[in-house]
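Working notes for the structure below.
Numbers here simply count residues along the sequence, with the first being 1. A quick note: this is a predicted structure, and the numbers were derived from the prediction, not measured.
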Amino acid sequence: MPDVLGWRAKFGVLAPSTNTVVEPDFARMGVPGVTAHFGRIHIRDQNMSDDAGMGRLLEQIRAEIAAACARVLTCEPDYMVMGMSAETFWGGMAGNQRFVRQIEELSGLRVATGAEACRRALELHGAKRIGVVTPYQPVGDENVVRFFGELGFDVKSIKGLCCPTAVSIAHVSEDELRAALREVDGDGVDALVQCGTNLSMVRLADEAERWMGKPVIAINAATWWMALRDNGIDDRVDGAGTLLREH
């Protein structure tokens with residue numbers, strides 16, 4: 001028997017316990033018959049004020065992710081979705097592939113990651129030269145540039161907001177994000193990409209595409225789009241950018 005509410009698909013989502021944006025983002029992009037069920041990765045030390053702090057944050061994620069996955073699997077989801085992005089970019093293409101294999105082996109399910117979703121979105125738009133906004137420290141930005149570079153994308157500019165803690169990522173205002181988008185844009189930039197699932201960017205990205213005249217890919221919208229389309233769900237969603245509205 002299908003689930004009464006998730007009769008089309010149930011998504012198991014893994015997200016850090018500190019993240020307050022990705023869950024409501026996924027909820028507001030919801031479509032009938034699809035439900036998202038969160039497994040929280042316990043973050044005990046959320047300091048990411050420097051490269052070392054960001055490294056410790058990722059170490060906690062790696063230590064806790066199997067337990068979070070096991071918990072969410074008890075609701076018998078059909079598909080896994082990553083509600084975090086840094087780890088999906090870490091180590092370039094090879095690091096992303098290792099991470100995907102790990103989740104597939106832990107869950108026995110296919111998985112959507114932010115890094116792969118951004119790749120698909122950029123290829124769909126035919127974009128090669130990109131500007132990127134992240135909440136990360138320089139080490140995080142280096143891994144983002146490496147990932148896109150190995151795929152053949154030219155990162156013309158990247159703005160890391162250097163958020164001091166994992167929770168503070170969600171405190172970044174739309175004014176700050178708007179300024180960051182303008183900073184990484186330019187005549188030679190085909191598309192803009194926002195990384196970091198705790199940055200609240202979905203609504204702003206939808207608006208920014210209109211006044212910047214180019215794709216603006218918010219990672220939560222791209223990841224949700226990938227999850228829906230991988231499961232044959234073609235519903236269109238307004239207010240979350242071109243991907244979900246037109247593709």
Separation of [Y] [atom2] from [X] [atom1] (nearest 0.5 Å):
| X | Y | atom1 | atom2 | value |
| --- | --- | --- | --- | --- |
| His171 | Leu161 | NE2 | CG | 14.0 Å |
| His247 | Leu228 | NE2 | CG | 14.5 Å |
| Thr18 | Arg44 | OG1 | CZ | 12.5 Å |

Would you name the heavy atoms of [X] and [Y] that are closest together and state the gap between them?
| X | Y | result |
| --- | --- | --- |
| Gly6 | Thr35 | CA-OG1, 3.7 Å |
| Asp45 | Gln60 | O-NE2, 2.7 Å |
| Phe11 | Pro77 | C-CB, 4.1 Å |
| Val172 | Cys163 | CG2-SG, 3.8 Å |
| Arg229 | Leu244 | NH2-O, 3.8 Å |
| Ile43 | Ile61 | CD1-CG1, 3.8 Å |

Is it true that, when you exclude Glu76 itself, more than 12 heavy atoms of the residues, nucleotides or ligands shown sit nearer than 6.0 Å to its CD?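 Atom CD in Glu76 is not crowded, with 12 or fewer foreign heavy atoms closer than 6.0 Å.
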
For the hydrophobic clusters of this structure (ILVMFWY residues joined by side-chain heavy atoms under 4.5 Å, transitively), does one cluster hold both Val21 and Leu199? no

Taking a hydrophobic cluster as the set of Ile, Leu, Val, Met, Phe, Trp and Tyr residues connected by side-chain heavy atoms closer than 4.5 Å, whether directly or through intermediates, do Ile217 and Trp211 fall within one such cluster? yes

List the residues meeting side chain to side chain donor-acceptor pair (under 3.5 Å) with [X], not counting sequence neighbours, and say none if there are none.
| X | answer |
| --- | --- |
| Arg245 | Asp206 |
| Glu207 | Arg203 |
| Arg146 | Glu150 |

Angle between ring planes, Phe147 versus Phe89, binned at 30° and 60°: parallel, tilted or perpendicular?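 Answer is perpendicular, since the angle exceeds 60°.
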
Tell me, which pairs form a salt bridge (Lys or Arg N to Asp or Glu O under 4.0 Å) where one or both residues lie in residues 178-189, sequence neighbours left out? Lys159-Glu183, Glu174-Arg178, Asp175-Arg178, Asp185-Lys214

Keeping to residues at least two apart or across chains, list the salt bridge (Lys or Arg N to Asp or Glu O under 4.0 Å) pairs with something in residues 12-33. Glu23-Arg40

For [X] and [Y], indicate whether the former's side chain and the latter's backbone hold a donor-acceptor pair under 3.5 Å.
| X | Y | result |
| --- | --- | --- |
| Trp224 | Met29 | yes |
| Glu246 | Leu243 | no |
| Arg110 | Glu104 | no |
| Asp78 | Lys10 | yes |

Enumerate, atom names and distances included, each donor-acceptor pair closer than 3.5 Å involving a side-chain atom of residues 46-55, sequence neighbours excluded.
from: Gln46; atom 1: OE1; to: Thr165; atom 2: OG1; distance (Å): 3.1
from: Gln46; atom 1: OE1; to: Ala166; atom 2: N; distance (Å): 3.4
from: Gln46; atom 1: OE1; to: Val167; atom 2: N; distance (Å): 2.9
from: Asn47; atom 1: OD1; to: Ser49; atom 2: N; distance (Å): 3.1
from: Asn47; atom 1: OD1; to: Ser49; atom 2: OG; distance (Å): 2.8
from: Asp50; atom 1: OD1; to: Ala52; atom 2: N; distance (Å): 3.3
from: Asp50; atom 1: OD1; to: Gly53; atom 2: N; distance (Å): 2.7
from: Asp51; atom 1: OD1; to: Val139; atom 2: N; distance (Å): 3.1

Quick one: do [X] and [Y] make a salt bridge, cutoff under 4.0 Å?
| X | Y | value |
| --- | --- | --- |
| Arg129 | Asp190 | yes |
| Lys156 | Asp154 | yes |
| Glu116 | Arg119 | yes |

Go through the side-chain N and O atoms of Tyr79 and Ser107 and say whether any donor and acceptor fall under 3.5 Å apart.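 Result is no, nothing qualifies.
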
Any donor-acceptor pair under 3.5 Å linking the side-chain atoms of Thr197 with those of Asn220?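 Their side chains do not contain a donor-acceptor pair, so the 3.5 Å distance test is not met.
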
